[in-house]
Chemist: 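Got a structure for you, written out below as structure tokens; questions coming shortly.
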Protein chains: 2
Amino acid sequence: MLKESTVDIPHDCGDCPIRHRAVCARCESDELEQLDQIKYYRSFEAGQTLIWAGDKMDFVGSVVSGIATLTQTMEDGRTQMVGLLLPSDFVGRPGRDSAAYDVQAVTDIVMCCFRKKPFEDMMIRTPHIAQRLLEMTLDELDAAREWMLVLGRKTAREKIASLLAIIARRDAVLNMTKKRGPLVFDLPLTREAMADYLGLTLETVSRQISALKNDGIISLEGKRRVTVPDFNRLLEEAADDSDGGMLV
Amino acid sequence: MLKESTVDIPHDCGDCPIRHRAVCARCESDELEQLDQIKYYRSFEAGQTLIWAGDKMDFVGSVVSGIATLTQTMEDGRTQMVGLLLPSDFVGRPGRDSAAYDVQAVTDIVMCCFRKKPFEDMMIRTPHIAQRLLEMTLDELDAAREWMLVLGRKTAREKIASLLAIIARRDAVLNMTKKRGPLVFDLPLTREAMADYLGLTLETVSRQISALKNDGIISLEGKRRVTVPDFNRLLEEAADDSDGGMLV
DNA sequence: CCATGAATTTGATCTGGGTCAAGGATTGAA
DNA sequence: TTCAATCCTTGACCCAGATCAAATTCATGG
């Protein structure tokens, strides 16, 4: 199995797919040039662990493409996913030198990394970066709090429906699919990863997906491709009162 | 019952109890003066709801003294606490004009508020504020993720032990109590509020507290005063591998 | 000192989701 | 094409924690 490789085909920030959503979103061209000095790309294969909790981290970075997870593991092996990293999401924390969570590639993934020390120095000089990072962190905090409600108070069926709604929503935004008609998307996560996200067992995840299928809320093509004929019905199942706000 | 009152005894920032931990921690004296222009104090009684989710928010602010909670409520009444606000914690989000969560006073509470628009303007001019707010937000995100593990994977007993450990730890830090000997502190939350924090029912909270008492992990004086004879045993019960780091 | 009501404890019972176990489906390597 | 390794589904059973229902304790004001 291939390990990790430092890609040396340098992207030009100008046509970077996450240019306008990542931590560099607000940067002017001179600021981008400075970032360019300290950046490098790394790619990983699906299944690899990019970072182990407790590891020394000498970089921070952004997911350029692919999906990764942030997970916490207890001594006895129980694990809880605490974040799902999508393109443009930020990894690492300025001012901390060891990783707090395991980071694992769910799909093949490319990251745009910055050496930590120079990045921290630059953050002080460049308010645009700190501003954008604050905004992104506040968004993540909101997402984490939303997830606390799911974990603490929702039933297994509601949890699954909530996760499907989130993935469907994200997919609709990324792929700019037509608003009308059934949504179709692929589940990026295994049943086990979904279980770790939702605080369930993989058996319960499987059963609830089957139940939603039997009730006509979703249909499946293979194990991973999901069709949602009526998004509002899915939201009802998720007991989600913020009715699809994002989808507009 | 008294409603809310705008306290007109102006604190001097110089002897503010949260001067060095709040969003203003890094500010120089000239920056404090600017903040002083847009600040005002508000106080609330225990039990009052300071802010309702969805309300228009024309201010942000810091808890000066007392304790408040951030909670989310579903249409059918299920509620989940998503944050516990202690002195120096920040309320509100720059760049958002309505509240995302209910904020309730658990004890009598005093807040130092800033009018939102001027505060936002000042944030742009004053990197010290944005820097500190970023740091605080990253800490909150870590706390939220820690809590996701508690909600998703811990048993009822472990949840209670985790909460007690957090409160004990905070209390030890605030009151600078002696490191050795049994810890003693008051529970600021009702059984119901603890249940909302932990994703449990109040009956289960009560039962697990009784169980910890019977097992000698804690002892109670009245309903609220807790003694922890051996903090490490409590941490074991919490299945907490980050063994007491903060307590040093 | 008593009445009232909130907060808490405790008991009895029920159930959603966990656990254990057995097969299927899909993939890729040999 | 067969084998092995994952990943997923489904069934049977069980238990931690929810639910329903009383007590009991505690604080407060009259």
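Letters go in sequence order (proteins before strands), and every chain restarts at 1.
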Chemist: As a test of understanding, state which of B/Asp76, B/Asp196, B/Thr79, B/Thr73 forms a side-chain hydrogen bond (donor to acceptor under 3.5 Å, both in side chains) with A/Arg153.
Modeler: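 Among B/Asp76, B/Asp196, B/Thr79, B/Thr73, the one that satisfies the side-chain hydrogen bond (donor to acceptor under 3.5 Å, both in side chains) with A/Arg153 is B/Asp196.
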
Chemist: What residues in residues 196-210 of chain B put a non-hydrogen atom under 4.0 Å from any atom of DNA chain C?
Modeler: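 Only B/Leu202, B/Glu203, B/Ser206, B/Arg207, B/Ser210 qualify.
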
Chemist: What is the 5' to 3' range of DNA chain C, first to last nucleotide, that sits under 4.0 Å from any heavy atom of chain A?
Modeler: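 Listing 5' to 3', DNA chain C meets chain A from C/dG17 to C/dC20.
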
Chemist: I'd like to check the salt bridge (Lys or Arg N to Asp or Glu O under 4.0 Å) partners of B/Asp230; sequence neighbours left out, ordered by chain and number.
Modeler: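 Salt bridge (Lys or Arg N to Asp or Glu O under 4.0 Å) check on B/Asp230 returns nothing, list empty.
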
Chemist: Taking side chain as C-beta onward, heavy atoms only, is A/Val228 less than 4.5 Å from A/Pro182?
Modeler: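 Contact flag for A/Val228/A/Pro182 side chains = no.
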
Chemist: Find every protein N or O atom lying less than 3.5 Å from an N or O atom of nucleotides 22-28 of chain D, and list the pairs.
Modeler:
none

Chemist: Just by distance, do the side chain of A/Gln80 and the backbone of A/Thr71 share a donor-acceptor pair under 3.5 Å?
Modeler: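 Checked: no pair found.
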
Chemist: Please answer whether the main-chain N or O of A/Ser88 pairs with a side-chain N or O of A/Arg21 as donor and acceptor at a distance below 3.5 Å.
Modeler: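 Checking the backbone N and O of A/Ser88 against the side chain of A/Arg21, no donor-acceptor pair under 3.5 Å is found.
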
Chemist: Check each residue of residues 212-219 of chain A for a non-hydrogen atom within less than 4.0 Å of any atom in DNA chain C, then write out the ones that pass by number, or none.
Modeler: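 Hits under 4.0 Å, by residue number: none.
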
Chemist: So, A/Thr107 side chain and A/Ile67 main chain: donor-acceptor pair closer than 3.5 Å or not?
Modeler: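 Such a contact is found between A/Thr107 side chain and A/Ile67 backbone.
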
Chemist: Salt bridge (Lys or Arg N to Asp or Glu O under 4.0 Å) with A/Asp139: which residues, sequence neighbours excluded?
Modeler: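 Applying salt bridge (Lys or Arg N to Asp or Glu O under 4.0 Å) to A/Asp139 gives B/Arg93.
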
Chemist: Using the C1' atoms of five pairs at each end, what's the angle between the two axes of the helix from C/dC1-D/dG30 to C/dA30-D/dT1, to 10 degrees?
Modeler: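 About 40°, once rounded to a multiple of 10°.
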
Chemist: Which residues satisfy the side-chain hydrogen bond (donor to acceptor under 3.5 Å, both in side chains) test with A/Thr137, sequence neighbours excluded?
Modeler: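 side-chain hydrogen bond (donor to acceptor under 3.5 Å, both in side chains) check on A/Thr137 returns nothing, list empty.
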
Chemist: Does A/Arg169 qualify as a cation-pi partner of A/Phe185, given the criterion of NZ or CZ under 6.0 Å from the six-membered ring centre and within 45 degrees of its axis?
Modeler: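 Not satisfied by the 6.0 Å and 45° rule.
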
Chemist: Give the minimum heavy-atom separation between B/Ala53 and B/Asp102, together with the two atoms involved.
Modeler: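 Residues B/Ala53 and B/Asp102, closest heavy atoms: N-OD1, 2.7 Å.
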
Chemist: When rounded to the nearest 0.5 angstrom, what distance separates CG in A/Asp58 from SG in A/Cys113?
Modeler: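 The SG atom of A/Cys113 is 9.5 Å from CG of A/Asp58, to the nearest 0.5 Å.
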
Chemist: Treating A/Gln208 as the side-chain partner and A/Val205 as the backbone partner, does any N or O pair qualify as donor plus acceptor under 3.5 Å?
Modeler: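 Absent.
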
Chemist: Determine yes or no for a side-chain-to-main-chain donor-acceptor pair under 3.5 angstrom, with A/Thr201 supplying the side chain and A/Thr204 the backbone.
Modeler: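 Looks like yes, one N/O pair under 3.5 Å.
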
Chemist: By a strict heavy-atom criterion of less than 4.0 Å, which residues belonging to residues 151-162 of chain A are in contact with DNA chain C?
Modeler: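 The stretch gives A/Thr155, A/Ala156 as the residues lying under 4.0 Å from the strand, ordered by number.
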
Chemist: Taking ring-ring contact (aromatic ring centres under 6.0 Å, His included) as the cut-off, I'd like each qualifying pair that reaches into residues 148-167 of chain A, sequence neighbours left out, listed once.
Modeler: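 Every candidate ring-ring contact (aromatic ring centres under 6.0 Å, His included) pair involving residues 148-167 of chain A fails, so no pair, neighbours aside, qualifies.
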
Chemist: From CG of A/Leu220 over to C1' of D/dC8, roughly how many Å is that when rounded to an integer?
Modeler: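 My rounded result for the distance is 11 Å.
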
Chemist: Name the atoms and distances for all side-chain donor-acceptor pairs under 3.5 Å in residues 156-166 of chain A, with sequence neighbours left out.
Modeler:
unit_1: A/Arg157; atom_1: NH1; unit_2: A/Glu237; atom_2: OE1; d: 2.7
unit_1: A/Arg157; atom_1: NH1; unit_2: A/Glu237; atom_2: OE2; d: 3.3
unit_1: A/Arg157; atom_1: NH2; unit_2: A/Asp215; atom_2: OD2; d: 2.2
unit_1: A/Glu158; atom_1: OE1; unit_2: A/Thr155; atom_2: N; d: 2.9
unit_1: A/Glu158; atom_1: OE1; unit_2: A/Thr155; atom_2: OG1; d: 3.4
unit_1: A/Glu158; atom_1: OE1; unit_2: B/Arg78; atom_2: NH1; d: 2.8
unit_1: A/Glu158; atom_1: OE1; unit_2: B/Arg78; atom_2: NH2; d: 3.4
unit_1: A/Glu158; atom_1: OE2; unit_2: B/Arg78; atom_2: NH2; d: 2.9
unit_1: A/Lys159; atom_1: NZ; unit_2: A/Leu198; atom_2: O; d: 2.9
unit_1: A/Ser162; atom_1: OG; unit_2: A/Lys154; atom_2: NZ; d: 3.1
unit_1: A/Ser162; atom_1: OG; unit_2: A/Glu158; atom_2: O; d: 2.7

Chemist: Which residue pairs pass the ring-ring contact (aromatic ring centres under 6.0 Å, His included) test when at least one of the two sits in residues 145-164 of chain B, sequence neighbours left out?
Modeler: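 Those involving residues 145-164 of chain B are B/Trp147-B/Tyr197.
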
Chemist: Can you check whether A/Ala46's main-chain N or O pairs, donor with acceptor, with A/Asp108's side chain at less than 3.5 Å?
Modeler: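 A pair under 3.5 Å: yes.
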
